[in-house]
Amino acid sequence: MFDNDDDMQILTQTDWFGAREPKFQNDLMTCAVVRTFDPGETLYHHGDPANGIHAVLDGSVQITAPADDGQEFVVHREGAGFWIGDLALFAEAQRLVSVMTTQQTRTLFFPSSRVERMVQENPEYVRDFYALTRENMKTALRIMANLAVTGSEKRLVLRLLHLDEGASKSDGWIIVSQDELAAMVAVSQPTLHRNLHRLSDLGLVELGYGRLRLIDRRKLIASCQS
């Protein structure tokens with residue numbers, strides 16, 4: 001069920017949707033369909049035809065992308081307020097990534113037929129959707145830039161700070177396995193284990209089974225600046 005007041009508050013707090021004009025926001029919401037997913041369900045697969053855009057209302061999703069050898073790797077996690085699906089939709093192309101839930105998740109789904117009709121009636125809205133694509137490209141470039149940082153612990157801290165921005169709306173826990181986290185920061189399991197436990201011993205993170213939580217963001221940020 002779409003809780004208009006609470007859900008709209010989540011969406012309007014995001015950089016992209018919150019910056020749009022009220023008319024665009026209202027017109028887009030008339031296209032919305034509420035969808036719920038159990039943990040481990042797929043919103044769409046790499047290679048699927050584009051069928052619409054998702055906005056995460058609560059829960060969390062992980063994004064995987066295929067490497068040249070065909071294996072898919074987790075590249076990012078996001079929570080409430082995350083929008084995805086625009087790139088393939090407006091390019092009229094196949095999906096470049098797969099998106100799967102990591103917990104019980106509710107999204108607003110905007111079917112391609114409704115979005116296309118909305119843009120046909122309001123051609124100026126193309127700029128608004130292009131702004132969404134730019135926002136997601138900014139996230140992708142941030143991930144790539146952080147991966148280029150030398151020093152495995154610094155790369156780990158930067159990735160944790162980024163992941164925490166999405167997890168902070170769901171009690172602060174980042175739901176991610178150590179296997180997935182090691183792949184995200186391009187380190188071996190032993191190196192990741194050593195770095196995580198060092199951060200834990202310093203009181204900067206709290207470790208749990210398949211999840212972790214940041215204890216002191218300020219000190220974590222300072223550790224990257226030293």
Side-chain angles (χ1 to χ4, degrees), residues 6-20 37 39 43 53-65 73-87 97 99-108 131-149 151-178 180-187 192 195-196 199-200 202-208 210-225:
D6 290 344
D7 292 334
M8 280 297 288
Q9 184 177 3
I10 290 170
L11 297 179
T12 54
Q13 287 175 346
T14 64
D15 289 342
W16 174 69
F17 190 74
R20 311 275 64 83
F37 299 87
L43 276 62
I53 298 171
H54 284 271
V56 179
L57 295 174
D58 50 59
S60 179
V61 297
Q62 70 177 20
I63 304 166
T64 62
F73 292 92
V74 176
V75 295
H76 196 46
R77 294 281 178 96
E78 282 282 1
F82 179 59
W83 296 75
I84 193 166
D86 52 295
L87 182 62
V97 298
V99 183
M100 178 182 293
T101 61
T102 61
Q103 55 188 280
Q104 191 77 25
T105 298
R106 189 166 55 100
T107 77
L108 281 184
L132 173 58
T133 301
R134 178 189 179 279
E135 193 68 25
N136 286 335
M137 177 57 71
K138 184 170 71 173
T139 298
L141 290 173
R142 181 180 176 186
I143 291 169
M144 288 189 289
N146 287 344
L147 273 175
V149 170
S152 60
E153 185 174 305
K154 182 177 280 191
R155 284 204 309 277
L156 172 60
V157 169
L158 289 170
R159 175 46 66 98
L160 292 179
L161 288 166
H162 193 180
L163 291 173
D164 184 59
E165 292 170 12
S168 61
K169 299 185 182 72
S170 55
D171 78 8
W173 286 98
I174 301 169
I175 310 300
V176 62
S177 72
Q178 291 197 15
E180 292 163 342
L181 190 55
M184 285 189 207
V185 294
V187 299
L192 178 76
N195 288 339
L196 278 177
L199 295 174
S200 176
L202 291 172
L204 302 179
V205 303
E206 179 181 355
L207 304 179
R211 62 182 190 169
L212 55 85
R213 179 162 57 184
L214 306 194
I215 302 301
D216 195 326
R217 285 183 59 91
R218 183 181 60 79
K219 288 184 178 178
L220 281 168
I221 293 170
S223 74
C224 295
Q225 298 170 337

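These numbers come from the heavy atoms of this one structure, side chains and all, not from hydrogens, waters or symmetry mates.
- To the nearest 0.5 Å, atoms CD (Glu206) and CH2 (Trp173) are separated by 3.5 Å.
- Under the side chain to side chain contact (heavy atoms under 4.5 Å, CB included) rule, Ile63 has a single partner from Val74, Ile143, Ile84, which is Ile84.
- A heavy-atom distance below 4.5 Å is not found between the side chains of Val185 and Leu160.
- For the pair Arg106 (side chain) and Leu57 (backbone), a donor-acceptor distance under 3.5 Å is absent.
- The side chain to side chain contact (heavy atoms under 4.5 Å, CB included) with Leu156 is formed by just one residue from the set Leu220, Val205, Val187, Leu199; it is Leu199.
- Scanning both residues, Leu147 and Met184, for their nearest heavy atoms gives CD2-O, 3.1 Å.
- From Lys138, atom NZ reaches atom CG of Asp15 across 5.5 Å, with rounding to the nearest 0.5 Å.
- Taking the six-membered ring where the residue is Trp, His162 and His76 present tilted rings, their angle falling between 30° and 60°.
- Here the side chains of Met100 and Thr64 are not in contact, with every heavy-atom distance at 4.5 Å or above.
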| query | Are Asn146 and Arg159 close enough, and set up right, to give a side chain to side chain contact (heavy atoms under 4.5 Å, CB included), and what steps lead you there? | reply | CA-CA 7 Å; Asn146 287 344; Arg159 175 46 66 98; 5.9 Å; no

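- For the pair Val157 and Leu204, the minimum side-chain heavy-atom distance is 4.5 Å or more.
- The distance from the CG atom of Asp86 to the CG atom of Leu132 is 4.0 Å, given to the nearest 0.5 Å.
- Going from atom OG of Ser223 over to atom CG of Leu202 covers 9.0 Å, rounded to the nearest 0.5 Å.
- With rounding to the nearest 0.5 angstrom, the CE atom of Met8 is 9.5 Å from the CG atom of Leu108.
- Between the Thr105 side chain and the Ser60 main chain, a donor and an acceptor come within less than 3.5 Å of each other.
- Ser152 and Asn195 get closest at one heavy-atom pair: OG-ND2, 3.0 Å.
- In terms of heavy-atom proximity, Gln104 sits nearest to Pro39 at N-CG, 3.5 Å.
- In this structure, Phe82 and Asn136 approach most closely via the heavy-atom pair CE1-OD1, 3.9 Å.
- The shortest heavy-atom contact between Leu43 and His54 is CD2-CG, 3.5 Å.
- In terms of heavy-atom proximity, Gly81 sits nearest to Ile10 at N-CG2, 3.9 Å.
- Taking 4.5 Å as the limit, every side-chain heavy atom of Glu135 sits out of range of all side-chain heavy atoms of Thr14.
- From Leu158, atom CG reaches atom CD1 of Ile221 across 9.5 Å, with rounding to the nearest 0.5 Å.
- Using a distance-only test at 3.5 Å, with no hydrogens or angles considered, no donor-acceptor pair links the side chain of Thr101 to the main chain of Val61.
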| field | CA sep, side-chain torsions, deciding dist, call: Leu212, Leu196, side chain to side chain contact (heavy atoms under 4.5 Å, CB included) | value | CA-CA 10 Å; Leu212 55 85; Leu196 278 177; 3.9 Å; yes

